[in-house]
There are 2 protein chains.
Amino acid sequence: MPTVSSEELAAAAGVNSAKLRKDFSYLGSYGTRGVGYDVEYLVYQISRELGLTQDWPVVIVGIGNLGAALANYGGFASRGFRVAALIDADPAMAGTPVAGMPVQHTDDLEKIISDNGVSIGVISTPAGAAQQVCERLVAAGVTSILNFAPTVLSVPDGVDVRKVDLSIELQILAFHEQRKAGEEASDDGVVPPVAAKQQRKGPDGDVPAVMPA
Amino acid sequence: MPTVSSEELAAAAGVNSAKLRKDFSYLGSYGTRGVGYDVEYLVYQISRELGLTQDWPVVIVGIGNLGAALANYGGFASRGFRVAALIDADPAMAGTPVAGMPVQHTDDLEKIISDNGVSIGVISTPAGAAQQVCERLVAAGVTSILNFAPTVLSVPDGVDVRKVDLSIELQILAFHEQRKAGEEASDDGVVPPVAAKQQRKGPDGDVPAVMPA
DNA sequence: CTATCTTTGTGCACGCGTTCACAAAGACAT
DNA sequence: ATGTCTTTGTGAACGCGTGCACAAAGATAG
Ligand SMILES: NC(=O)c1ccc[n+]([C@@H]2O[C@H](COP(=O)([O-])OP(=O)(O)OC[C@H]3O[C@@H](n4cnc5c(N)ncnc54)[C@H](O)[C@@H]3O)[C@@H](O)[C@H]2O)c1
Ligand SMILES: NC(=O)c1ccc[n+]([C@@H]2O[C@H](COP(=O)([O-])OP(=O)(O)OC[C@H]3O[C@@H](n4cnc5c(N)ncnc54)[C@H](O)[C@@H]3O)[C@@H](O)[C@H]2O)c1
């Protein structure tokens, strides 16, 4: 029976082993003292807890450059997500196949959501249309939204929104880049408490929430 | 002179006004007591601190579905980023214009980086090529990388990597989605300390770092 | 010039997440 | 069986970020 110790996993993930054990403990006591964790069993338990054992249908709204790339992306299916429908407002696109799937018109949005039992929606429309699309999705029953449009969406309680803003990702890099450059120059002022981070330690890379356009 | 108080800004951003003031204080004392902050001056100071006043040339490596979408995206330029070059390994693509810019071959990667003084690179190649591309970028002088390939990149100290993993974004949504569904069912076990979060509060949405493929 | 009023800047305390450290559990050898 | 050795699970301490609360600063009116 292949096993791993919390120490090995922690080293691989770059975290503290005690934290890893404590995290696992919230799922239950799946380890064996003196041995470690049964890999297969652990993987199953974590997958189940994270909701990866079920199949999640998602819809993508806004099939432009980005939406088409997402539709073509094979990495979703392997993680338990199924693209149930592609939706766009452009009548000229209706019926056009993208990633082997016909694009459907926004007129049918509500019916598509309900017919497929979709609870997760992806918005890749222009920023101006995002809030409106969001509202229709929520009204139709969607309770989780992945938003690529550079707008803050207003949603009712109970609806989760994750915003992916690629410009901000670049800004965070530029911010640290600037730090590296002028490190020795300004050693007089107070140094802001910016955590030295690597792969996505903090949410937004520990950068202030308020920013001008 | 248009001004804003920390209270107003905090309300708009959904954060505590004391935290906002303390954050601002790291940049200096730019407010006026009894009045607030001069909007124009504040915007400039924050922009400068975040490195938005300079122009950052970036290269995109891997001009496939996603890379092309990124190249076409106009939101970067407006934030101070300039796409200096598009690079792909496919000889058939060399010279082909994407977003009004000819795709260049990976053979010239080092020269392109150095000629343009690029310090930020975007990787949108298949996962298998990402580490190798990363190493060439770093060797050529790139010190910040935005990685879209679903791989953890190994980089030397001093190089920042931000990974954007869209599957994980969906997984986080699915995780919370599952919570909502089975909320009343399992009120017996210990409830893991998952922060109720909205728009990107924490880095990875407060989800364990270790996950199976 | 003095008084009053608003809002900043920040010391301090609280709370939460991380880490330490160890007792308990179990495997495995003798 | 008994003992030894490894690794888990977790109570307790630590440290840090967040929020409270207020003194100081400055504007504005009288
Ligand atoms: N392309 C990128 O790399 C990139 C990067 C970051 C953010 N974004 C954001 O993602 C969004 C899409 O970007 P894009 O480059 O694909 O734009 P795009 O213009 O290529 O595509 C937008 C699509 O949305 C459709 N659309 C417009 N209004 C709609 C509505 N009300 N309902 C349904 N569909 C509608 C359009 O017909 C079009 O097909 C934008 O908000 C953009 O800012 C894109
Ligand atoms: N498309 C998406 O929405 C999406 C979503 C999430 C993640 N990703 C990831 O982004 C990456 C790109 O996705 P895609 O859909 O654009 O794939 P793609 O196959 O369409 O494009 C990949 C491009 O990279 C080029 N390439 C291959 N090896 C290279 C090398 N060594 N140097 C330079 N260029 C090279 C190829 O010629 C091709 O043009 C993949 O790792 C994918 O997993 C994509």
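Below, chains carry the letters A, B, ... as their sequence lines are ordered, and counting in each starts from 1.
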query: When all nucleic acid strands are considered with a 4.0 Å heavy-atom cut-off, which category describes S17(B): base, sugar-phosphate, or nothing?
result: nothing
Whole-Å distance separating the [atom1] atom of [X] from the [atom2] atom of [N]:
| X | N | atom1 | atom2 | result |
| --- | --- | --- | --- | --- |
| Y30(B) | dT10(C) | OH | P | 13 Å |
| F24(A) | dT10(D) | CZ | P | 14 Å |
| Y26(B) | dT8(C) | OH | C1' | 16 Å |
| D38(A) | dT7(D) | CG | P | 16 Å |
| L20(A) | dT19(C) | CG | P | 11 Å |
| D23(A) | dT8(D) | CG | C1' | 14 Å |
| M1(A) | dT7(D) | CE | C1' | 13 Å |

task: For this output row, return yes or no: ring centroids of F24(B) and Y37(B) closer than 6.0 angstrom.
output: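 Yes, ring centres under 6.0 Å apart.
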task: Assess whether one donor atom and one acceptor atom, taken from the side chain of R33(A) and the base of dT7(D), lie less than 3.5 Å apart.
output: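 Checked by distance alone, the answer is no.
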task: Please evaluate the base of dT18(C) for a donor-acceptor partner in the side chain of K22(A) within a cut-off of under 3.5 Å?
output: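 Counting by modelled atom types and ignoring angles, no donor-acceptor contact under 3.5 Å is found here.
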field: Pair Y41(B)-Q45(B), side chain to side chain donor-acceptor pair (under 3.5 Å): steps then yes or no
entry: CA-CA 6 Å; Y41(B) 188 55; Q45(B) 289 298 342; 3.1 Å; yes
Could you check which of [options] has an atom nearest any side-chain atom of [X]?
| X | options | value |
| --- | --- | --- |
| A18(B) | dC20(D), dT7(D), dT8(C) | dC20(D) |
| N16(A) | dG26(C), dT8(C), dC20(C) | dC20(C) |
| S25(A) | dA25(C), dA27(C), dT10(D) | dT10(D) |

query: Around E40(B), counting heavy atoms of other residues, nucleotides and ligands shown, do more than 12 lie under 6.0 Å from its CD?
result: no
Report yes if at least one side-chain N or O of [X] is closer than 4.0 Å to OP1 or OP2 of [N]; otherwise report no.
| X | N | value |
| --- | --- | --- |
| S29(A) | dG9(D) | yes |
| K19(B) | dG19(D) | no |
| S6(A) | dT8(D) | yes |
| T32(A) | dG26(C) | no |
| Y37(B) | dG9(C) | yes |

message: Given 3.5 Å as the limit, does a donor-acceptor pair link the side chain of E169(A) with the main chain of L146(B), or not?
response: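 Judged by distance alone, no pair lies under 3.5 Å.
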task: Give, for atom CG of N147(B) and atom OG1 of T125(B), the distance between the pair rounded to the nearest 0.5 Å.
output: 7.5 Å
- prompt: Of R21(A) and G34(A), whose closest DNA chain D nucleotide lies nearer the 5' terminus?
  reply: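 Upstream on the strand: G34(A).
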